[in-house]
2 protein chains.
Amino acid sequence: MKYEAITIKDIAKALGLSTSTVSRALRDSYEISSETKDRVLAYAKEMNYRPNPIALSLKEKRSSSIGVLVSEIANSFFSQAINGIESVAQEKGYNVIIAQSKEDFDREVSALHYLASRSVDGILISVSAGTSDFSTINDLYLRGMPLVSFDRVVDHLNMHKVKVDNYKGGYDATHHLIKNGYKKIACIASSAYLSISEERVAGYKDALIEKKMGVDENLIDYCLHSGLIYEEVEDIMNKLMMQKNKPDAILACSDKITTNIMRYCQDKKIKIPAKIGLLGFSNLDLTDLLTPSLSVVKQPAAEMGRIAAELLIKMIESKRPTTTFEEVILPTELFQRASSAKKAKP
Amino acid sequence: MKYEAITIKDIAKALGLSTSTVSRALRDSYEISSETKDRVLAYAKEMNYRPNPIALSLKEKRSSSIGVLVSEIANSFFSQAINGIESVAQEKGYNVIIAQSKEDFDREVSALHYLASRSVDGILISVSAGTSDFSTINDLYLRGMPLVSFDRVVDHLNMHKVKVDNYKGGYDATHHLIKNGYKKIACIASSAYLSISEERVAGYKDALIEKKMGVDENLIDYCLHSGLIYEEVEDIMNKLMMQKNKPDAILACSDKITTNIMRYCQDKKIKIPAKIGLLGFSNLDLTDLLTPSLSVVKQPAAEMGRIAAELLIKMIESKRPTTTFEEVILPTELFQRASSAKKAKP
DNA sequence: TGAATTTACGCAAACGATACCGGGAATTAA
DNA sequence: TTAATTCCCGGTATCGTTTGCGTAAATTCA
């Protein structure tokens with residue numbers, strides 16, 4: 001069943017004019033008499049005429065829509081980011097088309113191809129945790145597709161980047177744990193492919209080194225799927241808790257990892273923070289209401305989305321190809337709560 | 001800056017063929033010799049040819065995209081629903097274009113017009129809490145736009161509906177509270193305009209009446225913005241806690257209302273469930289980890305999204321106009337946890 | 001009055017792809 | 001040898017819109 005709507009041709013036929021006259025009348029061209037304009041406008045309004053955006057897209061070679069590729073929509077960070085993106089897009093007259101990679105490289109590539117085949121004017125991308133090959137993205141860049149990466153940016157590619165200060169986020173979080181008396185701090189990061197993992201871990205390491213605490217590689221681990229699967233976190237936690245140098249605190253570097261650790265500790269009846277301190281990167285709204293209330297590093301998700309969307313639309317609407325790329329770095333925010341409370345002196 | 005891509009014309013010119021021949025070769029028509037097909041296919045592959053979806057849309061009068069209108073993307077229920085929608089759409093070759101109304105009627109109308117002007121083949125809609133006038137939706141229906149409403153459905157309009165058994169959800173929740181010894185159960189619902197509010201409240205009332213507990217209208221209140229704004233919930237809670245017939249339990253009928261009540265009780269140091277029991281509709285992942293763990297009525301959000309998307313795509317792809325409309329009703333699930341624990345005998 | 005402008009509109013091409021129609025060349029049948 | 005097929009392929013209209021160009025009619029100017 002089709003949704004049939006009135007076209008410029010219908011108006012032309014009804015009023016005995018040519019399509020060009022109608023088109024110009026609707027665009028208020030100076031070469032159309034005011035009487036004709038009035039007739040056309042009145043009829044168009046009466047028939048509720050709306051220009052066909054697809055025909056316009058074909059003509060103008062632009063679709064007025066932007067693609068957003070994230071790993072998982074049902075993730076508080078990304079849904080907040082999309083919220084920001086949508087608000088900017090709506091304001092500037094762009095559609096937002098969303099796609100999710102589910103942290104899978106193949107799905108990411110096919111989603112990119114799908115979006116890229118000229119159905120969007122630009123793409124906002126946060127790469128999947130499973131992605132180590134960026135040739136598809138680079139191909140798009142080389143072919144002139146406006147791209148902006150956010151959160152999980154790709155360091156060595158030429159494009160605008162919007163991210164948080166992951167190094168400082170990791171550093172501050174670790175520093176806070178140290179200050180609160182934790183001695184053996186483990187770090188569970190997302191996929192090692194991601195620069196955000198690298199940076200957060202670097203901040204973690206430097207905080208330890210600065211306090212002369214030494215870095216134990218056995219206390220550092222990575223989740224290929226960013227903790228999306230519980231078992232992934234479970235395995236790492238089992239390994240960590242079995243080893244001789246057992247941690248007394250954990251820095252979790254993504255939302256799902258953080259909450260899955262909480263779930264693990266609840267299952268295994270490991271008391272937080274008595275047995276183990278916990279501090280995680282998270283954008284969930286309710287972390288303050290959790291048991292125990294969760295210390296988190298929060299990212300300004302909606303703002304990242306807004307800034308990324310603005311950069312992208314600026315690129316799309318620019319006459320000349322963009323040659324210099326910005327890297328916008330926003331601050332993270334540390335919320336100190338019960339899950340990383342000061343450790344009782346032994 | 002534009003993203004230039006190869007067209008069928010370029011291939012035709014390069015190989016000394018006509019566009020029609022190239023088109024047929026690409027579609028594997030029988031009237032093209034296998035040599036020509038091979039040449040075309042090889043060249044197309046080499047040049048990474050992809051058909052222009054916009055040109056196709058114009059020709060076929062379909063855009064292969066569906067619009068989704070929700071009140072707020074950064075809401076666990078809707079992001080889970082969108083997740084389900086996206087997975088079905090992706091599978092069937094449709095783009096998903098999202099728009100949010102922010103619970104505002106005007107934004108809803110303009111978003112609908114935006115989506116409707118032939119840039120989508122159909123629309124999935126969950127109406128905003130501020131909507132009492134459904135003429136825009138009805139206009140779209142009359143003009144043949146395929147529409148499916150989900151969650152917040154519109155009762156008196158002709159369209160497929162996918163929802164949960166709100167009545168039973170409200171009834172079961174209230175029954176559970178009664179069974180656990182609560183005597184004065186308040187109910188805070190979303191906008192009174194929404195049928196989900198009406199149905200949940202009806203279930204609540206019937207459960208009370210069945211136990212001969214009587215319905216006190218002073219214990220029932222509505223949030224025009226579905227609890228999106230904290231102050232809205234704060235005002236209602238203040239009113240409830242001030243009045244002489246103070247409730248000893250609350251049934252909260254939406255995600256944001258539930259969590260904002262928890263926040264309120266934490267602020268005001270009102271102990272849950274000692275001072276007041278709490279049970280809410282919610283789709284958050286972490287309700288089991290909250291303090292206290294939160295009793296909830298959960299909706300199968302992703303499944304609702306999937307079913308709604310399937311119904312919509314079936315409608316879009318149907319040759320004849322849809323005349324009979326389905327109403328799919330899914331069960332809710334009640335999770336009994338600490339926030340509504342059995343009341344100690346006084 | 002005749003020429004030069006201006007006014008107000010129509011024609012047709014273009015965007016990329018598809019499909020109907022038609023036709024030349026090669027093959028087969030008579 | 002000629003007519004009838006079959007095989008391949010090209011021309012062109014079409015989708016809805018914009019826009020450069022052309023051109024009658026109306027107006028202005030000399």
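Values in this document were obtained by computation on a predicted structure and should not be read as measured data.
Atom pair B:Ile8:CD1 and D:dG11:C1' shows a separation of 15 Å (rounding to whole Å applied). In this structure, CZ of B:Arg62 is placed 14 Å from C1' of C:dA17, rounded to the nearest angstrom. To the nearest angstrom, P of C:dC9 lies 20 Å from NZ of A:Lys13. Look at CD1 on A:Ile11: it is 12 Å from P on D:dG16, rounded to the nearest Å. In this entry the distance linking CZ of A:Arg50 with C1' of D:dG16 reads 17 Å, nearest Å. In this structure, the CG atom of A:Asp10 is 10 Å from the P atom of D:dC15, given to the nearest Å. Atom-to-atom, NZ of B:Lys9 to C1' of C:dA17 comes out at 10 Å; the value is rounded to the nearest Å. Rounded to whole Å, the distance from CD1 on A:Ile54 to P on D:dG16 is 10 Å.
Comparing B:Leu58 and B:Thr19, the nucleotide of DNA chain D nearest to each residue sits closer to the 5' end for B:Thr19.
Of the candidates C:dG10, D:dG16, D:dT12, C:dG10 carries the atom nearest the A:Leu17 side chain, counting heavy atoms from C-beta on. Taking every side-chain heavy atom of B:Leu56 into account, C:dT18 is the closest of C:dA19, D:dG16, C:dT18. Closest to the side chain of B:Lys61, from the set D:dT17, D:dC15, C:dG10, is D:dC15. The B:Thr7 side chain lies nearest to C:dG16 when the options are C:dG10, D:dG16, C:dG16.
B:Arg152 and B:Ser191 share no side-chain donor-acceptor pair at under 3.5 Å.
Close to D:dC9, at under 4.0 Å from its OP1 or OP2, lies a side-chain N or O of B:Thr36. An OP1 or OP2 oxygen of C:dA17 is reached within less than 4.0 angstrom by a side-chain nitrogen or oxygen of B:Tyr49. OP1 or OP2 of C:dG10 has at least one side-chain nitrogen or oxygen of A:Ser18 nearer than 4.0 Å. Contact annotation: B:Lys59 side-chain N/O to D:dA13 OP1/OP2 distance is not under 4.0 Å.
Atom CG in B:Leu147 sits 12.0 Å away from atom CD1 in B:Ile66 (nearest 0.5 Å). Between the CG atom in B:Asp133 and the CD atom in B:Glu108 there is a gap of 9.5 Å [rounded to 0.5 Å].
Looking only at side-chain heavy atoms (C-beta outward), B:Ile32 and B:Thr21 come within less than 4.5 Å of each other.
Looking at residues 23-35 of chain B, you'll see B:Ser23, B:Arg24, B:Arg27 sit with a heavy atom under 4.0 Å from some atom of DNA chain C.
By the neighbour-count criterion of 12 heavy atoms within 6.0 Å, atom CD of A:Glu35 is sparsely surrounded, having that number or fewer from other residues, nucleotides or ligands.
When each of A:Lys102, A:His225, A:Glu103 is paired with A:Ser71, the side-chain hydrogen bond (donor to acceptor under 3.5 Å, both in side chains) condition holds for A:Glu103 and for no other.
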(message) Assess the residue pair A:Ser318 and A:Arg320 against the criterion (side chain to side chain donor-acceptor pair (under 3.5 Å)); give the C-alpha distance rounded to whole Å, side-chain angles, the decisive distance to 0.1 Å, and a yes or no.
(response) CA-CA 6 Å; A:Ser318 153; A:Arg320 295 161 314 179; 5.4 Å; no

